[in-house]
2 protein chains.
Amino acid sequence: MALNTPTLETPVTTADKIFDLMLHAIVDGTIPSGNKISEPELAKQYEVSRSTLREALNRLEKCHLIERKANVGSRVVECTIESLLEIYVVRESLEGMACRQAAIHMTDEEITDMQNMLKQHATSQALKDGVAYYQEEGDLDFHYKVILGSHNKQLINILCGQLYHLVRMYRIQFGMNSPRATRAFDEHSRIVEAIKDRDGELAELLMRRHIAASRKNIEKKIAQLNTEI
Amino acid sequence: MALNTPTLETPVTTADKIFDLMLHAIVDGTIPSGNKISEPELAKQYEVSRSTLREALNRLEKCHLIERKANVGSRVVECTIESLLEIYVVRESLEGMACRQAAIHMTDEEITDMQNMLKQHATSQALKDGVAYYQEEGDLDFHYKVILGSHNKQLINILCGQLYHLVRMYRIQFGMNSPRATRAFDEHSRIVEAIKDRDGELAELLMRRHIAASRKNIEKKIAQLNTEI
DNA sequence: AATAAATGAAGTGTCGACAATTTTGCACGT
DNA sequence: ACGTGCAAAATTGTCGACACTTCATTTATT
């Protein structure tokens, strides 16, 4: 149920496993953002050949988690505020559309499944009411389900395969367990309602507002941080 | 000026060159859509080692032009109507947002540059007036400029780096030099106007309509084809 | 005869070594 | 002391060979 393993396909080849390991290491900051990646060093560390490591690097590049320059090398993508805001712009656009498509294409079963998930969030939120972290996990879960509900492979690929790792990385590294938990939950509820009503236009509008609100929340925090200093 | 080389970075390494060659081969159908890719065969054909070829395959996978399954192999992505329509949905969303961002972030120079390009399209269109192909190139050029105008790296990456090769592939393989040339030109003009007025909301709306119109045009054609048979 | 197991061929994944490029460090000269 | 140029070291790109998986054909068993 919970989104503990963000990699959908089970790793079969060793390059897959190295990819998984490095993915988590980069997302949680074990391999710091902006760091240069030494192929020989990491190959030795993970006890694989350089070819295998490079295969993993290729997939990390596909997720926009590392950047490569020919004959120079790879480095972990830099976590900047600008980049974070850019991602939110893309999410607002894409997840909004995903939400519209979900209102069109989701099956009734999928919708009730999502409603049940929300109910569960409601109770667990009531229990821990102040604690935002769990709700954050639930937030990811919710967005995930909406995206899959679009039944649009291109959308799913871009959002789940690429952007979401970046989103998780920023959340963890910037420590953004935002205090928007209860408000986010209300917003989720309304979105589900719109989807249930098959009102694609409203669903898109609400999702865009929801994500834009998160973005503005971040912008506000940044502004506060800047004035405090 | 024209978009003859869709690869932005000049290829330096041999894997880059093989990637370029295969990219064009796949886009124009020399390597047919849906085909299985034999690594030993293609390596011999391009006269490179399998490692180098695999490096190129990795980048093609990044563009969603091929799909890989572990221990089984790669095949060129299948050109289906459903997938084409899915791409248009993503484009409507992302390019709409790119257009909104362009209205915010484009410099005055970039805007006048785009206006000049449109003027040039107008004259060359008057000359060839019936011929749609050139306008199609111009269409891609226009969209390209808007995307770059968003100044959003994430958007640029996804649209120019990944989706646009797919779009070109479908255009060429489905022979979609659509008769919307003159109408598309008018729509482009209005979009530029909105950007010039710094009206992001309108710019996004117009771009979404523009792309949605293309999509509906395709849907109509498909419907016609189905009734004719 | 039909299904299942086995065997072989073909293809993909992984490895270590070599070639080409970039970076580093040192010597030299101004 | 500083900048320039060269040489050596380190790193990336490329190659060919080997290991393992998958698929097809053949063989054996019920």
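Quick note on labels: first sequence line is chain A, next is B, and so on, each numbered from 1. The analysis underlying the following values was restricted to heavy atoms, covering all of them including side chains, and did not include hydrogens, waters or symmetry mates. Keep in mind the model is a prediction, meaning the values are calculated, not measured.
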First-last contacting nucleotides on DNA chain D - partner chain B, under 4.0 angstrom, heavy atom: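 Nucleotide range in contact with chain B: dG13(D) to dT22(D).
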
Near DNA chain D, which residues from residues 61-73 of chain A have a heavy atom under 4.0 Å away?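 Hits under 4.0 Å, by residue number: Arg68(A), Ala70(A), Asn71(A), Val72(A), Gly73(A).
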
Stretch residues 34-43 of chain B: residues that reach within less than 4.0 Å of DNA chain D through a heavy atom: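 The stretch gives none, as no residue of it lies under 4.0 Å from the strand.
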
Quick check: His143(B) with His210(B) (ring centres under 6.0 Å apart)?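 Centroid distance His210(B)-His143(B): below 6.0 Å, so yes.
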
Could you tell me if [Y] and [X] have a donor-acceptor pair between their side chains, going purely by distance under 3.5 Å?
X	Y	result
His151(B)	Glu110(B)	yes
Glu204(B)	Gln101(B)	no
Thr52(B)	Thr14(B)	no

Got a donor-acceptor contact below 3.5 angstrom from the [X] side chain to the [Y] backbone?
X	Y	result
Gln154(B)	Glu86(A)	no
Glu82(B)	Asn152(A)	no
Asp16(B)	Val12(B)	yes
Thr227(A)	Gln224(A)	yes

Return each pair, listed once, that meets side chain to side chain donor-acceptor pair (under 3.5 Å) where at least one residue sits in residues 28-43 of chain A; pairs must be two or more places apart or across chains.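 Passing the test, one end in residues 28-43 of chain A: Asp28(A)-Thr30(A), Glu39(A)-Arg50(A), Glu39(A)-Arg54(A).
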
Pull out every residue in residues 45-58 of chain B that has a heavy atom closer than 4.0 Å to any atom of DNA chain C, ordered by number, or say none.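 Here the set is Arg50(B), Arg54(B).
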
So do the side chains of Met97(A) and Arg208(B) get within less than 4.5 Å of each other, counting heavy atoms only?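 Heavy-atom side-chain distance check passes, below 4.5 Å.
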
What pairs with Tyr46(A) under ring pair (Phe, Tyr, Trp, His ring centres under 6.0 Å), at least two apart in sequence or on another chain?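 By the ring pair (Phe, Tyr, Trp, His ring centres under 6.0 Å) rule, Tyr46(A) matches no residue at all.
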
Residues Asn58(B), Phe19(B); criterion side-chain contact (heavy atoms from CB on, under 4.5 Å); working and verdict: CA-CA 9 Å; Asn58(B) 270 317; Phe19(B) 166 72; over 6 Å; no

